[in-house]
Amino acid sequence: MSGASRSLPPVDEVARTAVATGAVLLFIIVAGYAGVPSWRAWLREEGGLTEGLTAFALFATAILGVWAIRRAKHREPAMWIVPAFALFALLDEIRYGVTWLGVTPPTIAGEPIAGVADLVDVTAVHLDGVGVRPWMLAVAVSVAAAVAIAIFLVGPRGRARLHALHERPWLQRLAAAMVLTLAAAALDLVAGGHLRFAEEVGELASAFLLTLAALAIPSTPTPLQRWRNRLEPWTEMDIRARA
């Protein structure tokens, strides 16, 4: 056993703690929004509690993802998507720090662009001017994403991709986080009032899923372990038949 693997913390316990913490925080936020009307603006607006927790979770995941990959028994290049996606989402969440740094962001059609969300908003406004309503754009994005996922899973290599998802819990959680992020982006196109809060909660849940994806990386089985896992049901059947 390598020194890196001996130095690993109890990842299962950390993952359970992260799940419990995330669930409690989400419950408190949703319950507070529903039960305390005076909190609603604070919980759903930019710079509020929900967005701050999202940024913190993404920051932690960007660091945790690099740490987890360096200590994984079996490394795969695709694992780097986890910290990279967390860093990208974090930078977009904090608008690349332009507010803190006092930098004037570039503009498109007179609107400041300090992140992907701003670019989407400007696009939606201009499309609305030619008759494409924001909800239509949200539906189009959702349908396009659903079609892309279907093609990915049922295409020529669909079975192999499903096997890859089944054998890699970190990849399952990354995929779920990306789907939630896309759903939140679709809500952002029509967000207002309660939908705005749903978008923020979706982004926070996506950040927690990314954290769980990073925590699952160290336990990724090696190719030999995956083959053993695939053969285990057959060997058990053979043992029972011989008994």
Side-chain angles (χ1 to χ4, degrees), residues 22-59 61 81-82 85-96 99 105 108-109 111-150 152 172-213:
V24 169
L25 285 174
L26 284 171
F27 175 79
I28 292 174
I29 288 171
V30 173
Y33 185 86
V36 187
S38 60
W39 288 11
R40 291 177 180 174
W42 179 49
L43 291 173
R44 72 187 176 205
E45 298 301 329
E46 291 186 9
L49 176 63
T50 311
E51 188 174 86
L53 288 173
T54 301
F56 177 79
L58 291 170
F59 175 74
T61 302
I81 297 175
V82 174
F85 185 69
L87 181 60
F88 168 76
L90 170 64
L91 291 174
D92 195 62
E93 192 73 20
I94 63 174
R95 300 295 188 268
Y96 295 85
T99 302
I108 295 180
E111 296 293 332
I113 304 298
V116 176
D118 294 334
L119 188 60
V120 171
D121 290 342
V122 169
T123 302
V125 168
H126 284 272
L127 288 176
D128 188 46
V130 296
V132 180
R133 299 292 179 258
W135 70 265
M136 297 178 183
L137 184 57
V139 170
V141 169
S142 301
V143 170
V147 170
I149 292 172
F152 181 81
Q172 298 169 21
R173 295 162 187 176
L174 172 63
M178 287 183 166
V179 169
L180 261 181
T181 299
L182 185 62
L187 278 177
D188 187 42
L189 294 170
V190 293
H194 299 323
L195 284 179
R196 172 70 182 178
F197 174 68
E199 176 214 346
E200 292 294 337
V201 169
E203 290 179 349
L204 179 57
S206 174
F208 283 144
L209 279 171
L210 276 178
T211 303
L212 295 179

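This chain uses plain numbering: 1 for the first residue, then up along the sequence.
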Show every donor-acceptor pair shorter than 3.5 Å between a side-chain atom in residues 139-147 and any protein atom, with sequence neighbours excluded, or say none if there are none.
| from | atom 1 | to | atom 2 | distance (Å) |
| --- | --- | --- | --- | --- |
| Ser142 | OG | Ala138 | O | 2.9 |

Would you please test Glu199 and Arg44 for side chain to side chain contact (heavy atoms under 4.5 Å, CB included) and show each step?
CA-CA 8 Å; Glu199 176 214 346; Arg44 72 187 176 205; over 6 Å; no
Pairwise distance OG1(Thr50) to CG(Leu26) - rounded to 0.5 angstrom:
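So the OG1 of Thr50 and the CG of Leu26 are separated by 9.0 Å.
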Euclidean distance, His194 NE2 relative to Arg40 CZ, rounded to 0.5 Å
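So the gap between those two atoms works out to 5.5 Å.
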Return the minimal non-hydrogen interatomic distance between Gly35 and Pro37, and the atom names on each side.
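Looking at all heavy atoms of both residues, the shortest contact is O-CD, 3.5 Å.
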Where Ile81 and Leu174 come nearest, the two heavy atoms and their spacing
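Answer, listing the atom of Ile81 first, then Leu174: CG2-CD2, 3.7 Å.
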For [X], which residues count as a side-chain contact (heavy atoms from CB on, under 4.5 Å) partner, sequence neighbours excluded?
X: Leu49; answer: Trp42, Leu43, Leu53
X: Ala183; answer: none
X: Phe56; answer: none

So which pairs with a foot in residues 134-150 pass salt bridge (Lys or Arg N to Asp or Glu O under 4.0 Å), sequence neighbours left out?
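Of all non-adjacent pairs touching residues 134-150, none passes salt bridge (Lys or Arg N to Asp or Glu O under 4.0 Å).
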Residues 200-213, side-chain donor-acceptor partners within the protein, below 3.5 Å, at least two apart:
| from | atom 1 | to | atom 2 | distance (Å) |
| --- | --- | --- | --- | --- |
| Glu200 | OE2 | Arg196 | NH2 | 3.2 |
| Ser206 | OG | Ala177 | O | 2.9 |
| Ser206 | OG | Thr181 | OG1 | 2.7 |
| Thr211 | OG1 | Thr61 | OG1 | 2.6 |
| Thr211 | OG1 | Ala207 | O | 3.1 |

Between Tyr33 and Phe197, what is the ring plane arrangement, given parallel below 30°, perpendicular above 60°, and tilted in between?
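Because their plane-to-plane angle is under 30°, the rings of Tyr33 and Phe197 count as parallel.
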